[in-house]
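Okay, structure first, notes after.
Here is the naming used below: chain letters follow the sequence lines, and residue numbers restart at 1 for every chain. Any value given below was found using the heavy atoms of this structure, including those in side chains, with hydrogens, waters and symmetry copies removed.
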Protein chains: 2
Amino acid sequence: MGKRKISSTNTKNRDYLKNECGTMYALTLLAGRWKMTILHKLSKNELRFTELKNCIPNISDRMLSLHLKEMENDGLVERIVFAEVPPKVEYKLTESTQDLIAIWDKLDTWGNKHRAIQESEIQ
Amino acid sequence: MGKRKISSTNTKNRDYLKNECGTMYALTLLAGRWKMTILHKLSKNELRFTELKNCIPNISDRMLSLHLKEMENDGLVERIVFAEVPPKVEYKLTESTQDLIAIWDKLDTWGNKHRAIQESEIQ
DNA sequence: TTAGAAGCTTACAATTTTGTTAGAAATGGG
DNA sequence: CCCATTTCTAACAAAATTGTAAGCTTCTAA
């Protein structure tokens, strides 16, 4: 998330995989610890930095900021600055990202079903 | 992937998020560097360890082994051992995981579309 | 004048993930 | 006996991600 050593095998592999197919690309964009949660919160309405922070327990300023910036770069969220003091900044999903939300429903269903299977087999 | 310090904030946050919803749970299971690729290869037919290794450039024995073991634990793949020497082991998707493949199509489409948008905006 | 709000950033430390290299076990072939 | 094969594992090193603590800026209210 911070700096990366672009010549490392690690980074080369990451980039290679990112170009494999759309699925891998998508998952690469979504990979940060709190990204899905942030997107999920924003799927209901736009929110300010502090509002996001307050509705995501345990996230730190740094992580929130880092993730938002990356997602802005990746075209997942939009950042809207109001010329006020103290500053007011709102975040919202881009149009493209809204299509993603629909897919989550399926993944959500799958995830819950799979978890149920897993838990029943542990007995 | 290796050992984890179960009491760390890092791990606590991970676990918290894993229980948030089915989507987060699913993504947690899929999060390793090569996991999606492995599942993708297995979606066509079962494969032996070495076959997987040969069709995934750059993956190391260790990573392949680690990911397969985790995915077996997580009910994503099945491991079938043949009583032969030298050993023969085949991996295949579980039934549950096959349903996941269908979802990928949508994510793949979204990913490709989103990437196109991103690339066109960089100009 | 001191404090507080909002949205960040910086420096650093802890933790986790990934990669590298070597090698183990069991057996058949030469 | 020596080597190759297959499926891993162990020890270690490198790199990436995440977390912690503090501080910055600009104004307004107390």
Side-chain angles (χ1 to χ4, degrees), chain A residues 1-18 27-38 46-54 56-72 77 79-91, chain B residues 1-18 27-38 46-54 56-72 77 79-91:
Chain A
M1 218 104 288
K3 310 287 164 46
R4 285 191 205 121
K5 212 165 189 174
I6 51 172
S7 63
S8 68
T9 303
N10 195 319
T11 296
K12 269 186 227 156
N13 283 341
R14 176 206 203 84
D15 292 345
Y16 160 72
L17 290 170
K18 190 169 175 178
L27 291 180
T28 304
L29 302 191
L30 265 26
R33 165 77 42 101
W34 307 91
K35 281 187 184 172
M36 291 294 288
T37 305
I38 294 170
E46 49 250 41
L47 291 170
R48 303 177 62 173
F49 189 91
T50 310
E51 288 171 332
L52 274 169
K53 208 189 144 181
N54 291 336
I56 303 178
N58 302 317
I59 197 170
S60 66
D61 279 13
R62 172 173 143 71
M63 276 295 126
L64 182 52
S65 177
L66 219 48
H67 280 149
L68 284 170
K69 205 185 293 179
E70 284 198 354
M71 292 197 288
E72 198 196 345
V77 305
R79 183 168 178 273
I80 303 160
V81 183
F82 296 80
E84 299 180 10
V85 169
K88 173 175 175 181
V89 181
E90 274 189 0
Y91 292 91
Chain B
M1 222 102 289
K3 311 285 164 50
R4 286 192 204 120
K5 211 163 188 175
I6 51 172
S7 61
S8 67
T9 304
N10 195 319
T11 295
K12 269 187 226 154
N13 283 341
R14 174 206 206 84
D15 291 346
Y16 160 71
L17 290 170
K18 189 169 176 179
L27 291 179
T28 304
L29 301 192
L30 264 26
R33 166 75 44 98
W34 307 91
K35 282 187 184 172
M36 291 295 287
T37 305
I38 294 170
E46 49 248 43
L47 291 170
R48 302 178 61 176
F49 188 91
T50 309
E51 288 170 332
L52 274 169
K53 206 188 147 183
N54 291 336
I56 303 177
N58 302 318
I59 197 170
S60 65
D61 280 13
R62 175 174 140 70
M63 274 297 126
L64 182 52
S65 176
L66 219 48
H67 281 148
L68 284 170
K69 204 185 293 178
E70 285 197 355
M71 291 198 290
E72 198 196 343
V77 305
R79 184 168 177 272
I80 302 159
V81 183
F82 295 81
E84 297 179 12
V85 170
K88 173 173 173 180
V89 181
E90 275 188 358
Y91 292 91

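Distance CG (A:Asn10) to P (D:dA14): 14 Å, rounded to an integer number of Å. Protein atom CD of A:Glu46 is 14 Å distant from nucleotide atom P of C:dG7, rounded to whole Å. Taking atom NZ of residue A:Lys12 and atom P of nucleotide C:dT18, one finds them 17 Å apart after rounding to whole Å. Protein atom CG of A:Leu68 is 11 Å distant from nucleotide atom P of C:dG7, rounded to whole Å. In this structure, B:Glu84 places its CD atom 17 Å from C1' of D:dC8, rounding to the nearest Å. B:Leu17 places its CG atom 12 Å from the C1' atom of D:dT18, with the value rounded to the nearest Å. Following rounding to the nearest Å, A:Ile56 (CD1) and D:dT18 (P) show an atom-to-atom distance of 14 Å.
Phosphate proximity of C:dT17 to B:Trp34: absent, as no side-chain N or O sits under 4.0 Å from OP1 or OP2. Phosphate contact (OP1/OP2 of D:dT18, side-chain N/O of A:His67, threshold under 4.0 Å): present. Under 4.0 angstrom from either OP1 or OP2 of C:dT18 there lies no side-chain N or O belonging to A:Arg14. A close approach under 4.0 Å does not occur between any side-chain nitrogen or oxygen of A:Thr11 and OP1 or OP2 of D:dA15. Contact annotation: A:Ser65 does not reach the phosphate of C:dC8 (side-chain N/O to OP1 or OP2, under 4.0 Å).
Using a 4.0 Å heavy-atom distance criterion, B:Phe82 is classed as making no nucleic acid contact. Using a 4.0 Å heavy-atom distance criterion, A:Lys53 is classed as making no nucleic acid contact.
Interatomic distance, OG1 of A:Thr37 versus NE2 of A:His67, reported as 9.5 Å (0.5 Å rounding). Annotation: the span from A:Leu17 atom CG to A:Arg14 atom CZ amounts to 10.0 Å, rounded to 0.5 Å. Here the straight-line distance linking atom CG of A:Leu30 with atom CE of A:Met71 works out to 8.5 Å at 0.5 Å rounding. Within the model, atoms CG of A:Asn13 and CE of B:Met63 stand 10.0 Å from one another, a figure rounded to the nearest 0.5 Å. To the nearest 0.5 Å, atoms CG (A:Leu52) and CD1 (A:Ile38) are separated by 6.5 Å. With rounding to the nearest 0.5 Å, the separation of CG in A:Asn58 from CZ in A:Arg33 is 10.5 Å.
The side chain of A:Arg79 lies closest to C:dG7, out of D:dA16, C:dG7, C:dT9. Taking every side-chain heavy atom of B:Arg48 into account, D:dT6 is the closest of D:dT6, C:dG19, D:dT9. Minimum atom distance to the side chain of B:Ser8 is reached by C:dT16, of the listed C:dT16, C:dG19, D:dA15. In this structure, of D:dT7, C:dA6, D:dT18, it is D:dT7 that holds the atom nearest to the side chain of B:Phe49.
Put simply, the side chain of B:Val81 reaches to within 4.5 Å of the side chain of B:Arg79, judged on heavy atoms.
The two residues A:Phe49 and A:Leu64 have their closest heavy-atom pair at O-CD2, 3.6 Å.
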Write down the protein N/O and nucleotide N/O pairs, taken from nucleotides 20-30 of chain D, whose separation is under 3.5 Å; answer none if there are no such pairs.
residue : atom : partner : partner atom : Å
D:dT20  : OP1  : B:Thr9  : OG1          : 2.9
D:dT20  : O4   : A:Arg62 : NE           : 3.4

